[in-house]
Amino acid sequence: MRDFIIRRLLYAIPTLVGISIITFLIARLSPGDPIRLFTFGIKDFTQEDYLRLLHAYGLDKPIPLQYVDWITNALRGSFGESLIYHRDAFAMLVERVPATLQLAVAALLLQLVIGVPLGVIAALKRGSWVDGAIRVFGVAGHAVPAFWLGLILIIVFAVQLRWLPSIGLLTVGHDQWDIPDRIRHIILPAFVLALTGIANYSRILRTETLDVLAQDFVRTAHAKGLHERTVVFVHALRNALIPVVTALGGILAALVGGALVIEQVFSWPGVGQFTFQAAIAKDYPIVQAGVMFTSTLLVVSYLVRDLAYAVVDPRIKVG
Amino acid sequence: MATTAATARVVPVAVLSRPSRSLWNNALYKLRRDKLTIGALFVLVILAALSLAAPLFSEYVFHYKFEQQDLLHTYEKPQLDNIAYLLGSDEIGRSQVVRLLYGGQISLFVGFTAAFFNLTVGVALGLGAGYFRGVLDDILTWVITTLNGIPQIYLLLIIAALWRPGPFTLVVIIGLLNWTGISLYVRGQTFALREREFITAARTIGARDRRIMFRHILPNVLPLIFVLAAIDVGAIILLESALSFLGLGILPPTPTWGNLLTNAVSYFVRAWWLVVSPGAMIFLTVLCLYLIGDGLRDALDPRLKTH
Amino acid sequence: MTHFRTTRTFFVVAAAALLVATACTPGPAASSPTPTPAESAKPQQGGKIIQGDISDIATIQPILSADTSSSRIINLIYDGIIQQDYKNGEPKAKMATYSISPDGLNYTFEINAKANWSDGKPVIAQDWLTGLKLVGKSQKTVRKSSFQDVQGFLDYCVGSSSSGCKGTAKEISGVKIDSANPKKFTVTLTKVSCPAIIDLNGYTLPTQVFGKYATDTSKDEIDTAPENTNPTVFSGPFKFSEWRKGDQIILNKNPDYWQGAPNVDQYVVKVVANQTAIANGLKTGELTYGSIQPKDLADMQTVDSVKITKYQNLGYTFISWNELAPTAPALADKRVRQALAYGLDMDQVIKAVVFGEATKQVAHHVPVQWAYPTSPLEPYKYDKAKAQQLLTDAGWVKGSDGILAKDGKKFTLTISTNSGNQERETLAQVAAEQYKQLGIDTKAAPEAFQGLVTKLTTGDPVIEANIIGWSLGGDVDPYQIWHSSQIPDRAKGTTGFGFTGFKDAAMDKAIEQGRNPTNGDCSTAARKAQYETFNKILNENQPYNFGYANNVLVGSQKTLQNFDPASFSQIWNVHTWWIKQ
């Protein structure tokens, strides 16, 4: 077991190196020039000013040298300074993490709270119109373009009905700890983000519950006269939750990355939106830090998931 | 001891049995009965036909070109008086319905072409790695885990924001990013298959590797690839529309369902109907593709329990 | 298998229901009428001003600021020694009065006795000098060139050798502080420069905080100073309180402000995703004021609680013609460019693109600037026949396919613009359609701003026509855009904003005389004469289709009193604003 863990950890290293190379290259080799971007139209900005800034930001060195500089600094924990904000890129990124994390966790909760019961109900009411509707939703939930759904919900709930706000985390001037206000702000984006997960879970849970229901121990429980609900919740769910739990790791990290589009639509000040705006402005240090951060998170979560799998399911070969 | 040849008289008994079917025949049999998948296929073909015939529709039915503007008739509500404004007109008087049809061309083109790229790369690499194993497999696995280590949409959006590719480059980029799932699947199947007797037999009689891969392994892997393909096309259409919506990817005046929504967002106070149609088209198309994929999987997977 | 089929057919109904549901959204919720507060003379105290902005600030350090969002906050916490009149842009006193010597080389400033820092210390000349020294020492500032005419600045400043900075001197020789009066100082220039007075506003920073970065031994520590994002001493109406990154910046009122404490308690800038969010914020009352887009104007006017103020933008959106593009040789001919002005129905374009909220431009300066020509210019009223005639005169004749051709070559035109800017994308598409009617095979081609900017400033010949806008703050001097020295030269490797390639000797002379007059006369009258000539030449030659100068629309809650924004400043009197409770 220990060997397995060590092997997996070691294997993660070349992956992270590969990711760092890809990240660096896609940023630095892209066409266009960040300095020209943020100085366009500034009065009295001369060619000399431009060359001076190029040198000040270290952008005039050859690419491989820039990579070496970057990676050696990164290993020491510094991802460089934002070209536009003149502050530590990683620190700026970390400031945004709580917002995205809140969104991801809220989405995860919604997925579990809505998806799991839907699947179980579909299995229990197999054959009825309820089952049908839920199964329809199971497929349709994946086919809806997230950004479109977000827009429709904004139009309906924020603009027409005025029930919910459409922008940001918190109403201006409200206290940071105003929980009801924060909940009102997080509902729509979390729901849109959770949609595919809800659809997934409802399908998984339906299949798993049906499997469990067909098994002998359930029939025995029935024969013993136990209430169906007890049977289901005590036995079926426990088994059915195994794939849910092991999928959590990958899902959390995927949420962080996939939340980008939703953060844009709802102007949610998260990591994804921040990295994306930085990419548009060609602020290399932030883009690189952002991609490395999200990727490391994902790689770590896959590691944890694999390890959890190995622990939970003894059938899986570990050697 | 008398060897009583207890001749078991074999009485030929007429046994009712179904003729054995190949995987494909079985699949077709099941599919013909799956009205839903047939329906989805039907709808998809109609959508594709409508999009391909967009120029014809524009010319003969609506009498309005897709780039044609009319600054005096902006934000028209959907109406029947002017057939060109069946779904309304946008901020410079262009016909929403005509642009929607043309948009289908792009979305479907990007979807199918990029999926084709994905499949080609994924199958080729998966077959190669699974069959040859060794260093090739190690390298491939490293590349796959590296690519999978960066969230797909995220990576694509960052690349698109930094590089601003044109439509063809975009197809190639999506094609190069989405193949990992397919190749992992093909690799797994190839692993399993290559240990089977019929492969060993083929090798014994001296068949070349390439022949083995393409004539023996591939056909067994192929059926479920179609399932992955259908779902892949759907996923790519969603991806492309998200990209155009964000102003990356394909830019106006070329209409795509995604960039029809970019504009519509700003104008939804004046003309909310402009937001509904493009998204509905994306939803419908992707839904059909996913249902077809689901249906194919139900039909092709012999292990599937018939719940 | 049976239920498998029947239940799943529900999807048709469900999907249809989903579509119908989204199509049948209820009508707009009726907004309850808010009674308009009656004008009362005495300002009430308290309340918050919450402004919406679409980007977060980058820094709170004036010498490093290069974007409007940061500048706004900086202007609220640090006052300048001079200001521009909020309506016509003429320079006048703020924290200091000034006088210019007859030879135009010496500027004497005297800071108001009342001007002080929030920690009690007075604002003195040394504070202005500290700001200038920091510009000299910083590596990341974009403002060095603004001060190159100050005597001794180039000797003092540090930078790469090609920038002209020598870094040899320990002091800036051209700045002399009066020994008797620490609030008085003189700045000497190396040559007469009319725009200089605006640049000489400089940066007045508290020496007690920033002085340590401007000592003889300091290098470029100012670029990473923590006080750049967490300032502690202020001279403006507000004091910095908190910066919640990506979300909002909170400023508290400065009770010791030298012009009198503001009436409101806080000024908050809230970062929102886009213009639509600002419009929504105004409707719900979450935002006190913010800019509105023309497309939201009609909707905003129905909201009782919001007041709309209009003023002309200090800038214009235009289509530039690249005379040096090899693929569009027609653009080198003046008649073709005039045809392109007559051939675009700008009134219709303005109605479609900005809902009528703009004024057509036919020369460089905008009406709100004092340099705007008073003598009549050719208005280039839409005249398709005239445009067609000019094109024929220039030798372009319609072929059998309806497209103009000359010497066997067709007239094709690509109009680029930056993607993501709806107004410009729409303008590109509308212009393309109208020019097609003239027989020009035009297409609109939006592309990413990053690539476009590089192509424009390096003079990439692939750009034929381009839609972009100028923001004309500060002095009226058009040197940076129109002088022939600013035309990028690929052979020499120089860059600049003169990407049309247009040059005219008489125009150059007018620009030079308006900027560094040989007779030293920087009076408005003398300069205006030069700009009359300048604008006339542009008007006739049409190196741009000068497009339009749009109106800025600002929505504000009716409860906000004394709010009086204009072209040159929105916040010039922010300390007198008050909120009717």
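- Ring geometry, F245(B) versus F147(A): the interplanar angle falls under 30°, so the pair is classed parallel (tilted spans 30 to 60°).
- The closest side-chain heavy-atom distance from W272(B) to L151(A) is not below 4.5 Å.
- Nearest approach of S295(A) to I150(B), heavy atoms of both residues: OG-CG1, 3.4 Å.
- The side-chain heavy atoms of L261(B) and W148(A), taken from C-beta on, include a pair separated by under 4.5 Å.
- Here the shortest heavy-atom pairing between W142(B) and G18(A) reads CZ2-CA, 3.8 Å.
- Contact of the V144(A) side chain with the I282(B) side chain is not registered, since no non-hydrogen atoms from C-beta on lie closer than 4.5 Å.
- In terms of heavy-atom pairs under 4.5 angstrom with chain B, the leader among L29(A), I22(A), V17(A) is L29(A).
- Of all heavy-atom pairs between A279(A) and I158(B), the closest is CB-CD1, 4.2 Å.
- The part of R203(A) that comes within reach of chain B is its side chain, from C-beta onward, which places non-hydrogen atoms under 4.5 angstrom from that chain.
- Neither the backbone nor the side chain of I237(B) comes within contact range of chain A, judged by heavy atoms closer than 4.5 Å.
- Around atom CH2 of W273(B), more than 12 heavy atoms belonging to other residues, nucleotides or ligands sit under 6.0 Å away.
- For L289(B), no part sits under 4.5 Å from any heavy atom of chain A, backbone or side chain.
- Closest approach of A140(A) to L287(B), counting heavy atoms only: CA-CD1, 3.6 Å.
- Ranked by non-hydrogen atom pairs under 4.5 Å with chain A, the options V143(B), L239(B), T145(B), T146(B) are led by T146(B).
- Between chain A and the residues L238(B), L162(B), L147(B), the most heavy-atom pairs under 4.5 angstrom are made by L162(B).
- Under a 4.0 Å N-O distance rule, the pair R135(A)/D294(B) does not qualify as a salt bridge.
- For chain B, the option among A278(A), A12(A), A146(A), G290(A) with the highest count of heavy-atom pairs below 4.5 Å is G290(A).
- Looking at V287(A), only its side chain comes within 4.5 Å of chain B, counting heavy atoms on both sides.
- In this structure, W163(B) contributes its side chain and I26(A) its backbone to a donor-acceptor pair below 3.5 Å.
- Rounded to the nearest 0.5 Å, atoms OG1 (T23(A)) and CG (L155(B)) are 8.0 Å apart.
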